Amino acid sequence: MRINKATRDNILAALAATYGGATTALEYGSPFELLVAVVLSAQCTDTRVNIITSRLFPAYDTPAKMLGLGEEGLAELIRDCGLYRAKARNLIAACAMLLEDYGGEVPGNFDDLTRLPGVGRKTANVLLSQLFAVPAIAVDTHVFRVARRLGLATGKTPEQVEEGLMKVVPRHDWSDAHHWLIWHGRKICKARRPDCEGCPLKELCPSAFK
DNA sequence: CTCCCGATAT
DNA sequence: ATATCAGGAG
């Protein structure tokens, strides 16, 4: 669904006004902790990730400490977030790579981040924008769904939606717009039963149920 | 494309 | 019962 520039700018202004102070819901105390939290957040609510990390981070807050857990030990601690074997395997391998190649620090560029096992395009963009103030639009399930419903972007893949959003959102708003779309997706524009009646964008949205 | 996967909402 | 949740790897 294509929309004109005036409508698009009104939508972006309304999102900014409604979700202006939005930021991540993931709780973390260091770049490494955010890396772990974002990997755990795949196909899992942020609320549950925070429950898990509140038990994990006090004892395992560095690559060296987490590596000492081993896959089995880590898997047991993160079991409740689902996909736990793959996440444990990837995180342990990522800890080893961080120590081996990056001095135990989280690298600050896209290519190095996506070399880490379990870190793909979306996670890398989250870390770049959140940790290094690099303008980026991480397209997760909410951003993908909401951007398309609002007519801000088209395309069949997250990467296509990311490209579309970068064209219509001013660069200095990329990181913020990512959070606006996530919170709108959580609170109003939900996957299963969107609350179009209570939506502040219902007059502007090409997908609104009227 | 399939697989990984438990917790929660509907 | 089923869809969905801050995806990524093979």
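Each chain gets a letter, A, B and so on, in the order the sequences are listed, and its residues count up from 1. Note that this is a predicted model, so its numbers are computed, not measured.
- Shown here are the salt bridge (charged side-chain N to carboxylate O under 4.0 Å, His left out) partners of Arg121(A), two or more places apart in sequence or in another chain: Glu159(A), Glu162(A).
- Between the CG atom of Asn50(A) and the C1' atom of dG6(B) there is a distance of 17 Å, rounded to whole Å.
- Nearest approach of Leu165(A) to Trp174(A), heavy atoms of both residues: O-NE1, 4.5 Å.
- If you take atom C1' in dC5(B) and the same atom in dC5(C), they sit 11 Å apart, rounded to whole Å.
- Residue Ile78(A) contributes atom CD1, which lies 13 Å from atom P of dA7(B) at whole-angstrom precision.
- In this structure, CZ of Arg48(A) is placed 8 Å from C1' of dG6(B), rounded to the nearest angstrom.
- Straight-line distance between the P atoms of dA7(B) and dA9(C): roughly 24 Å, to the nearest whole Å.
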Where along nucleotides 5-10 of chain C does protein come under 4.0 Å, by heavy atom, of base (B) or sugar-phosphate alone (S), with - for untouched nucleotides? BBBSS-

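- Between Asp111(A) and Arg115(A) there is no salt bridge, since no side-chain nitrogen of the basic residue lies less than 4.0 Å from a carboxylate oxygen of the acidic one.
- For Lys87(A) (side chain) and Ile78(A) (main-chain N/O), no donor-acceptor pair under 3.5 Å exists by modelled atom type.
- Distance CG (Asp80(A)) to C1' (dG6(B)): 7 Å, rounded to an integer number of Å.
- The separation between Arg193(A) atom CZ and dT10(B) atom C1' is 9 Å, rounded to whole Å.
- More than 12 non-hydrogen atoms from other residues, nucleotides or ligands lie less than 6.0 angstrom from CD of Glu163(A).
- With hydrogens and angles left out, the side-chain atoms of Thr7(A) and Asn4(A) include a donor and acceptor closer than 3.5 Å.
- Rounded to whole Å, the distance from CD1 on Ile51(A) to C1' on dT8(B) is 11 Å.
- Atom P of nucleotide dG6(B) and atom CG of Leu74(A) are separated by 16 Å, given to the nearest angstrom.
- Remark: the separation of the P atoms in dT10(B) and dA6(C) is 13 Å, to the nearest Å.
- Arg85(A) comes within 4.0 angstrom of the backbone, heavy atoms only, and of no base.
- Scored by the ring pair (Phe, Tyr, Trp, His ring centres under 6.0 Å) test, His184(A) finds Tyr19(A) as partners (sequence neighbours excluded).
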